[in-house]
Amino acid sequence: MTSLFDPIDAGKLRLPNRIAMAPLTRNRAPDAVPTPLMETYYTQRATAGLLISEGTAISVQAQGYADVPGLYGEDQLQAWKKVTHAVHTKGGRIVTQLWHVGRISHTLLQPGSQPPVAPSAITAKSKTYVIDHATGQGHFTPTSAPRALHQDELPGIVRSFALAARQAVESAGFDGVELHAANGYLLDQFLKTGTNLREDDYGGSIENRARLVLECMRAVADEIGGGKVGIRISPVTPANDIVDADPQPLFEHLVRQLAPLGLAYIHVIEGATGGPRELPERPFNYHALKEAYRAAGGKGAWMVNNGYDRQLAMRAVESGYADIVAFGKAYISNPDLVHRLHDDLPLNEWDSSRFYGGGADGYTDYPTV
């Protein structure tokens, strides 16, 4: 019987166990540049089978929160290189999550104080994190009204994802990349009916709404090889004011189209991100989603996420449903999570008041056993 602690090959990624650290925004990269403290943070957690970095902006336009890192400047790439080198020195594997937030942003964070971009000009009932430069204090504020992207701008978005992927691997030393197509950010906004009211080739039908995601995935796979690429999806999460009228056929179509790319993994958030695993008002069959991917020839590892504890994670892997289980908040407060799960030791409790912004406090000071 396969165990949560057994090794696995996910595409070109050779992982010593099936425990992943989920991407976790921590807002500790001033001016979008990773810091030595981030190097410590990731290195502390290097025993994970796979570290997935916090969401990392592919361009200035892609930024949506203060003090999140980027991949579009040489100083950022060199700073990330120190992080990945430190993780590799500890025997770890790390991929970066490529991020474009779309409408989940603010004019204060956009080049030239321009509006954020989106598939359609619909303001999100959501908030983002900005810093008052007069006081240095961060706070959450409602997102700004976005403008709709013109169709002739979309090839540039695709190129930005591909370039960021190449820079991540060749310049910053990451083992691969994960495209963020979840949680109500740009790629998810194109997928779902609640945010995509377009009448061109990127709106309307399931095939059209999935077009941008697939173009980005194909471009990234062509750039660095599909075996170093994953994708994160969240079929029914309400995060960032996102909804789709009929997500089951949409996401089954998406994974069938992803199957030929030879991906490392599919990363699925089950239920509401950071919330309930079951949403009675938004039913979804995750087993059928996996079956659609496998039936289409998809061989990437199946990674599951959201609300998994030790028992649930072990059962998911042992039953054959999941290949990898990603843990989020538990990894914030337990840098030695693999050891604690393996030996069934108590977990440190996290302090949510210290999740975002700040320094070492609540970041690199959680104890190990």
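The residues of the chain are indexed from 1 along the displayed sequence.
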Review point. Just checking, is any N or O donor in the side chain of Asn306 or Arg277 under 3.5 Å from an acceptor N or O on the other one?
Key: no
Backbone N/O of [Y] and side chain of [X]: donor-acceptor pair under 3.5 Å:
{"X": "Asn17", "Y": "Ile19", "answer": "yes"}
{"X": "Arg28", "Y": "Gly359", "answer": "yes"}
{"X": "Glu178", "Y": "Ile52", "answer": "no"}
{"X": "Thr193", "Y": "Ala245", "answer": "yes"}
{"X": "Asn208", "Y": "Gly203", "answer": "yes"}
{"X": "Arg198", "Y": "Leu149", "answer": "yes"}
{"X": "Ser126", "Y": "Asn240", "answer": "no"}
{"X": "Asp67", "Y": "Ala32", "answer": "no"}
{"X": "Thr237", "Y": "Thr273", "answer": "yes"}

Practice item. May I have the step-by-step check of side-chain contact (heavy atoms from CB on, under 4.5 Å) for Gln97 and Glu54, ending in yes or no? Key: CA-CA 6 Å; Gln97 188 186 64; Glu54 60 211 277; over 6 Å; no
How about [X]: does its [atom1] atom have over 12 heavy atoms from other parts shown lying under 6.0 Å from it?
{"X": "Glu349", "atom1": "CD", "result": "no"}
{"X": "Tyr356", "atom1": "OH", "result": "no"}
{"X": "Asp31", "atom1": "CG", "result": "no"}
{"X": "His85", "atom1": "NE2", "result": "no"}
{"X": "Arg294", "atom1": "CZ", "result": "yes"}
{"X": "Gln151", "atom1": "CD", "result": "yes"}

Mind listing the closest non-hydrogen atom pair of [X] and [Y] along with its distance?
{"X": "Asp188", "Y": "Ser234", "result": "OD2-OG, 3.8 Å"}
{"X": "Arg310", "Y": "His342", "result": "NH2-O, 3.7 Å"}
{"X": "Glu252", "Y": "Ala288", "result": "OE2-CB, 3.7 Å"}

Check your understanding: Would His100 and Tyr185 count as a close aromatic pair, with their ring centres under 6.0 Å?
Key -> no
Review point. Given the rule that I, L, V, M, F, W and Y join up when any side-chain heavy atoms are under 4.5 Å apart, are Phe161 and Phe174 in one cluster?
Key: yes
Exercise for review: Is it possible for you to say whether Trp99 and Ile242 belong to one hydrophobic cluster, with membership spreading through side-chain heavy-atom contacts below 4.5 Å?
Suggested key: no
Review point. Just checking, Arg354 and Tyr366: is the charged tip under 6.0 Å from the six-membered ring centre and within 45° of the axis?
Key: yes
Practice item. Report yes or no: is the cationic atom of Arg315 (NZ for Lys, CZ for Arg) under 6.0 Å from the centre of the six-membered ring of Tyr308, at an angle within 45° of the ring normal? Key: no
**Study point:** Candidate pair Arg103 and Asp241, rule side-chain contact (heavy atoms from CB on, under 4.5 Å), full reasoning
**Key:** CA-CA 11 Å; Arg103 68 179 187 158; Asp241 189 29; 3.8 Å; yes
Practice item. Could you check Val60 against Gln110 for side-chain contact (heavy atoms from CB on, under 4.5 Å), going step by step and ending with a plain yes or no? Key: CA-CA 7 Å; Val60 180; Gln110 289 293 305; over 6 Å; no
**Study point:** Presence of salt bridge, Arg93 and Asp175, under 4.0 angstrom
**Key:** no
Exercise for review: Before giving the answer on side-chain contact (heavy atoms from CB on, under 4.5 Å), spell out for Thr2 and Arg18 the whole-Å C-alpha distance, their side-chain angles and the decisive distance to 0.1 Å.
Suggested key: CA-CA 10 Å; Thr2 302; Arg18 296 160 184 255; 3.3 Å; yes
